[in-house]
Amino acid sequence: MASVTLSKVSKVFAGDVVAVKDFSMEIRDGEFVVLVGPSGCGKSTTLRMIAGLEEMSGGEIRIGERVVNEVEPKDRDIAMVFQNYALYPHMTVYKNMAFGLKLRKMPRKEIDAKVRETARTLGIEELLGRKPKALSGGQRQRVAVGRAIVRDPKVFLFDEPLSNLDAMLRVQMRGEIGKLHKRLGTTMIYVTHDQVEAMTMGDRIVVMLGGEIQQISTPMELYNKPKNKFVAGFIGTPPMNFLEGELQGQHGTLSFVAGEGRIQLEVDARHHAALGRYQGKHVTLGLRPEAFLENRAQQGVPGKSLEALVTLVEPLGPETFLYLDAAGQPLTARVPGEVLPRVQSAHVLDVDMSRAHYFDPITEVAIV
């Protein structure tokens with residue numbers, strides 16, 4: 001096992017295309033870190049630079065205490081699991097898993113013991129004699145993971161390993177990789193564009209955009225305290241709602257005003273002071289779908305609720321997603337499953353402003 005330290009790592013492709021810019025962080029020994037972001041944000045390029053598969057344009061990478069900038073991929077003591085599995089089609093599962101150990105000149109008995117023990121751990125013992133073409137996607141992914149495990153590397157690297165699986169298999173494999181990490185205790189770096197995977201798997205998450213780190217935090221810290229509007233909107237399903245409006249002060253209180261609607265803020269003294277600087281100015285208000293509460297009486301309370309037009313209803317059993325139009329601004333609310341208003345009807349929702357987020361409309365940085 002080993003830590004991984006990246007210091008001002010960058011990658012510039014031909015034509016001055018900046019893929020990664022000044023990426024710096026320390027991944028602790030035994031930590032599970034997830035790099036997440038939209039396509040083209042630089043997460044896979046960062047992973048490939050750690051693996052040595054992509055040449056760096058600048059910076060330094062350490063695995064443990066060793067600087068690996070000039071070290072060949074095969075000598076970095078890492079194992080990588082790819083999106084497309086990368087299994088040898090002409091070899092059996094057993095030979096695929098044993099191949100790397102044979103290259104190391106490991107004794108045949110040790111290879112056999114390691115392969116069979118790993119196969120038992122992953123539940124693929126009965127597949128050892130098959131070739132990849134006879135396996136399902138989930139089975140191939142297990143074999144790819146098994147091939148990495150038998151090498152007993154210091155660091156595991158996963159590049160979108162579940163993106164080719166169907167929804168149910170993704171959930172299952174997600175859980176299995178999480179259990180595997182707890183059992184092995186090895187440092188794991190995992191790349192995905194799926195924020196649900198990131199939230200459910202990572203000890204810490206690195207959110208990237210345009211080759212730069214936006215925020216590094218634990219899953220719940222990211223969810224509850226996003227540093228900017230991009231992180232707030234990217235993390236969470238359905239995504240956070242954003243409303244444009246003005247902060248107005250009245251009798252020592254602050255209210256958010258959008259069109260004819262006025263909602264009173266609920267903030268402590270410290271946050272009140274920070275937001276007070278925006279009094280009379282435009283701000284972006286962020287509200288997650290669960291910040292909207294069903295108003296049983298369907299009677300608006302001034303400063304505490306809003307009325308919106310229902311444009312779509314998605315019943316999901318225990319909960320319902322309501323898609324609404326509030327004075328021309330779209331909203332999504334998560335309400336109890338039994339709430340099923342008619343489309344194109346007016347619907348009143350209370351707003352829990354203690355869950356509100358506020359962003360500068362120009363810099364998009366969180367105000368509080």
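Under the 3.5 Å distance criterion, the side-chain polar atoms of Gln264 are left unmatched by any main-chain donor or acceptor of Ser255. Distance alone, capped at 3.5 Å, is enough to place a donor-acceptor pair between the Ser305 side chain and the Val301 backbone. Without hydrogens or angle criteria, Asn224 side chain to Met220 main chain gives a donor-acceptor distance under 3.5 Å. Between the Asp325 side chain and the Pro330 main chain, no donor and acceptor come within less than 3.5 Å of each other. Looking only at distances, a side-chain donor or acceptor of Ser24 sits under 3.5 Å from a matching main-chain atom of Lys8. In this structure, the side chain of Arg140 engages the main chain of Leu135 through a donor-acceptor pair within 3.5 Å. A donor-acceptor distance shorter than 3.5 angstrom exists from the side chain of Arg76 to the backbone of Ile50, with no hydrogens or angles considered. Between the side chain of His181 and the backbone N or O of Gly30, at least one donor-acceptor pair lies under 3.5 Å. Looking only at distances, no side-chain donor or acceptor of Asn96 sits under 3.5 Å from a matching main-chain atom of His90. Using modelled atom types, one side-chain atom of Gln195 and one backbone atom of Gly236 make a donor-acceptor pair closer than 3.5 Å.
Note: the hydrophobic cluster containing Val348 does not contain Leu309 (ILVMFWY, side chain heavy atoms under 4.5 Å, direct or indirect links). Residues Val351 and Leu254 fall within the same hydrophobic cluster, defined by Ile, Leu, Val, Met, Phe, Trp and Tyr side chains chained together at heavy-atom separations under 4.5 Å. Following chains of ILVMFWY side-chain contacts shorter than 4.5 Å, one can reach Leu180 starting from Leu165, so the two form part of one hydrophobic cluster. Phe13 and Val20 are not part of a single hydrophobic cluster, where members link through side-chain heavy atoms under 4.5 Å apart. Val9 and Leu53 fall within the same hydrophobic cluster, where Ile, Leu, Val, Met, Phe, Trp and Tyr residues are linked whenever their side-chain heavy atoms come under 4.5 Å apart, directly or through other members.
Between Ala356 and Leu285, the shortest heavy-atom contact is CB-CD1, 3.7 Å. Residues Phe292 and Ala333 share a closest heavy-atom pair of CB-CB, 3.8 Å. When all heavy atoms of Ala148 and Ala79 are compared, the pair lying nearest together is CB-CB, 3.7 Å.
Looking at Thr46 and Met208, their side chains come closer than 4.5 Å, going by heavy atoms from C-beta outward. Side-chain contact between Asn164 and Gln83 is present, with heavy atoms from C-beta onward closer than 4.5 Å. Phe158 is not listed as a side-chain neighbour of Phe82, based on a closest heavy-atom distance of 4.5 Å or more. In this structure, the side chains of Val196 and Met199 stay at 4.5 Å or more apart for every pair of heavy atoms. Looking at heavy atoms from C-beta onward, Glu176 lies in side-chain contact with Met173 at the 4.5 angstrom threshold. Put simply, the side chain of Thr187 does not reach to within 4.5 Å of the side chain of Lys154, judged on heavy atoms. In this structure the side chain of Glu266 reaches within 4.5 angstrom of the side chain of Lys304, judged on heavy atoms. Phe99 places none of its side-chain heavy atoms less than 4.5 Å from the side chain of Arg147.
Taking the six-membered ring for Trp and thresholds of 30 and 60 degrees, His357 and Phe359 have nearly parallel ring planes, at less than 30 degrees apart. Ring geometry for Tyr323 against Phe321 counts as perpendicular: the plane angle is over 60°, on a 0 to 90° scale with 30° as the lower cut. Between Phe32 and Tyr190, the ring planes lie tilted relative to each other; the angle falls in the 30° to 60° range.
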Decide yes or no on side chain to side chain contact (heavy atoms under 4.5 Å, CB included) for Val310 and Leu312, but give the supporting numbers first.
CA-CA 6 Å; Val310 179; Leu312 180 65; over 6 Å; no
Step-by-step side-chain hydrogen bond (donor to acceptor under 3.5 Å, both in side chains) determination, Gln215 to Asn228:
CA-CA 9 Å; Gln215 188 170 350; Asn228 59 39; over 6 Å; no
Apply the test side chain to side chain contact (heavy atoms under 4.5 Å, CB included) to residues Leu306 and Leu331: give CA-CA distance (whole Å), side-chain angles for both, the deciding distance (0.1 Å), then the verdict.
CA-CA 11 Å; Leu306 62 81; Leu331 294 176; 4.3 Å; yes
I would like to know whether Ile61 and Val67 meet side chain to side chain contact (heavy atoms under 4.5 Å, CB included); could you show each step before the answer?
CA-CA 6 Å; Ile61 296 176; Val67 177; over 6 Å; no
Does the side chain to side chain contact (heavy atoms under 4.5 Å, CB included) test come out yes or no for Asp77 and Val155, once each step is laid out?
CA-CA 7 Å; Asp77 203 5; Val155 180; over 6 Å; no
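Within the model, atoms OG1 of Thr320 and CD of Glu294 stand 9.5 Å from one another, a figure rounded to the nearest 0.5 Å. Put simply, CG on Leu265 and OG on Ser354 are 11.0 Å apart, with the number rounded to the nearest 0.5 Å. If you take CD on Gln141 and OG on Ser136, they are separated by 10.5 Å, rounding to the nearest 0.5 Å. Here the CG-CD distance, from Leu340 to Glu314, works out to 12.0 Å after rounding to the nearest 0.5 Å. Expressed to the nearest 0.5 Å, how far OG1 of Thr332 lies from CG of Leu322 amounts to 9.0 Å. Considering CZ of Arg28 and CE of Met25, their distance stands at 8.0 Å, rounded to 0.5 Å.
Legend: residues meeting side chain to side chain donor-acceptor pair (under 3.5 Å) with Thr284, ordered by chain and number and at least two apart, are Glu244. With sequence neighbours left out, Leu47 forms a side chain to side chain contact (heavy atoms under 4.5 Å, CB included) with Met80, Leu157, Asp159, Ile189, Val191.
Among the candidates Leu222, Leu35, Val36, the single residue satisfying the side chain to side chain contact (heavy atoms under 4.5 Å, CB included) test with Val206 is Leu35. No option in Met97, Arg151, Met106 other than Met106 meets the side chain to side chain contact (heavy atoms under 4.5 Å, CB included) test with Lys114. Results of the side chain to side chain contact (heavy atoms under 4.5 Å, CB included) test with Leu349 over Val339, Asn295, Leu293, Val335 single out Val335 as the only residue that passes.
A salt bridge (Lys or Arg N to Asp or Glu O under 4.0 Å) check over residues 102-112, counting only residues at least two apart or in different chains, returns the pairs Asp112-Arg116. Residue pairs meeting the salt bridge (Lys or Arg N to Asp or Glu O under 4.0 Å) criterion with at least one member in residues 48-70, sequence neighbours excluded: Lys11-Glu54, Arg48-Glu54, Glu60-Arg62.
Under 3.5 Å, the side chains of Glu160 and His193 contain a donor-acceptor pair of N or O atoms. Thr192 and Asp194 form no side-chain donor-acceptor contact under 3.5 Å, judged by distance and modelled atom types alone.
Salt bridge annotation for Glu31-Arg204: present, with a cationic side-chain nitrogen under 4.0 angstrom from a carboxylate oxygen.
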Please tabulate, for side-chain N and O atoms in residues 124-132, each donor-acceptor pair with protein atoms closer than 3.5 Å (sequence neighbours left out).
none

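Its side chain within the 4.5 Å cluster rule, Val12 clusters with Val18 among the Ile, Leu, Val, Met, Phe, Trp and Tyr residues.
A cation-pi arrangement is found for Lys229 relative to Phe242, the charged atom lying closer than 6.0 Å to the ring centre and inside a 45° cone about the ring normal.
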